[in-house]
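Lettering follows sequence order; numbering is per chain, from 1. Note: hydrogens, waters and symmetry copies are ignored here, and every other heavy atom, side chains too, is used.
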Amino acid sequence: MAAEDRGDILTVGELTFAIKGLLQDHFPHVVVRGQISNLRRQSSGHLYFTLKDDEASVSCALWRMTATRLRFRPEDGQEVVAEGRVEVYAPHGKYQLIVAALQPLGLGELHLRYEALKKKLAQEGMFDPSRKKRLPMLSRRVAVVTSPTSAAVRDLLRIAYRRMPRAWVTVFPVRVQGPEAVPEIVAALEQVSAVGEFDAVILARGGGSIEDLWCFNEEAVARAIAACDVPVVSAVGHETDTTIADHVADQRAATPSEAAELVFPDAADLLSRLVEGRGRVDRAATRLFDDLRGHLESLAKTHALARPVERFRLLAQQLDDWEERALAALSRRVDRAGDRMRAVAGHLEAVSPLSVLARGYSITTVGGARAPLTDASAVEPGQELVTRLHAGRVHSRVEFVEPPQEESP
Amino acid sequence: MTKKKSADEKSSFEDHLARVEEAIRRLERGDIPLEDSIDLYSEAMANLKACHAVLEKAEKRLEIVRRDASGAPEAAPAELRGEDGLFPV
């Protein structure tokens, strides 16, 4: 019989489509491990390469969209794990692995190492909240351990000096990626601790992949952070990246910019708090002296004293005068800090209760008593008196007493 | 680089502010003898002045650490150069 008359003869198309159906049904989703070779990146952005091992090889295609989402740069010779589906390209009679996800081999291993170290340090108590040092409200000197040429350090410094224009910042330049970074970061943290003058240290690095940030997951860096005498703020990577350094540090910032906000207070805010504080002190003192004056006036009325009445009246007058000037000073609004604050301070000092004493008035108490002495008949010869002057105190003993005279109404 | 300073020498801004707030509380309560109120008032003013002094005394400084001729670390004045980064001046 002639070949063309046999019933089991297939066309090329029939054969190929049968193979296509079989392969595509059987391998809709596979995960394959192999080595990249013959990597080509087309101008379209699509990647083509061969995945091979000792025994075989398979053609692979990775579309542009998938390529842009890759968090590493594939290269010939890399061991990778590729996930995708098998397709048959009929016109060429080829089968291909269409890769939907690609990662370097060993990424899973990194995750395992991270979890293991995290568990070990947690058990040692290195992440305990009670261990964490508080940041001071105002830092005189701040250290920053970071790469000097990164966007991170630029952002951090810009925000720091906006909040505290007169900040003192010392940058310790280090590598922030790769195994060589570890001893540099450790040495920088030790130096910061040794100087003994810093109030806070920021450990900063911009975003990156888990491999990029890996040095911040190393045990040596974690222990250097824990051993640092200065409060450490960790600002490594983006919000979603958490490194071991973030867990050990005294404070964590989502970005280097946020670290600047944590460490550097707003100077204008602080200044307004001081102005407010001064106002409250003056108001409280005014109130107290109002009470005192009222007390003295009622004393003058009820005790019907001659010369002592005059003395009390004079003191009451002085207090009125003081109150007037103090209120005038307080009513001036302090719009700008600095010179105006000084002017107010100087003025208030002139009318402060201390200056009443400077004019020669004094406060006398019977030794041991708290209340000032107002009635001469309350003491007897021989008793100890303590008189507070503007400068210093005088300890004396009563010689004789002039009792208060009766005043005719 | 300078040696470690004793912790006692550092009286912080925060401490001074806390003392002012304590003095305000007691002055506002009012139930204190005249002599104490004078002391409190002058203490509060002294602490406010100290806070003010800390803010005013500060001088802007930006430094980068590098090695000197003998290889020891030293802090050198630095500047930010646009997009390039931080360099010694």
Part of B:Glu83 within contact of chain A (heavy atom distance under 4.5 Å): both
A quick test of your reading: do over 12 heavy atoms of other residues, nucleotides or ligands sit less than 6.0 Å from CZ of A:Arg163? yes
Crowding at CD, A:Glu384 (>12 non-hydrogen neighbours, <6.0 Å): no
Counting heavy-atom pairs closer than 4.5 Å to chain B, which one of A:Pro173, A:Ala267, A:Ala371, A:Ala188 comes out on top? A:Pro173
Given heavy-atom pairs under 4.5 angstrom as the criterion, report whether the side chain, backbone, both or neither of B:Leu80 touches chain A. side chain
Checking heavy atoms, do the side chain of B:Glu59, its backbone, both or neither come under 4.5 Å from chain A? backbone
Do you know which of A:Gly277, A:Ser150, A:Ala167 has the most heavy-atom pairs with chain B at a distance under 4.5 angstrom? A:Ala167
So what's closer than 4.5 Å to chain A heavy atoms on B:Leu17: side chain, backbone, both or neither? side chain
Under a 4.5 Å heavy-atom cut-off, does chain A meet the side chain of B:Ala23, its backbone, both or neither? neither
Salt-bridge present (B:Glu28, A:Arg280; N to O < 4.0 Å): yes
Structural part of B:Asn47 lying under 4.5 Å from a heavy atom of chain A: neither
Side chain, backbone, both or neither of A:Arg158 within contact of chain B (heavy atoms, under 4.5 Å): neither
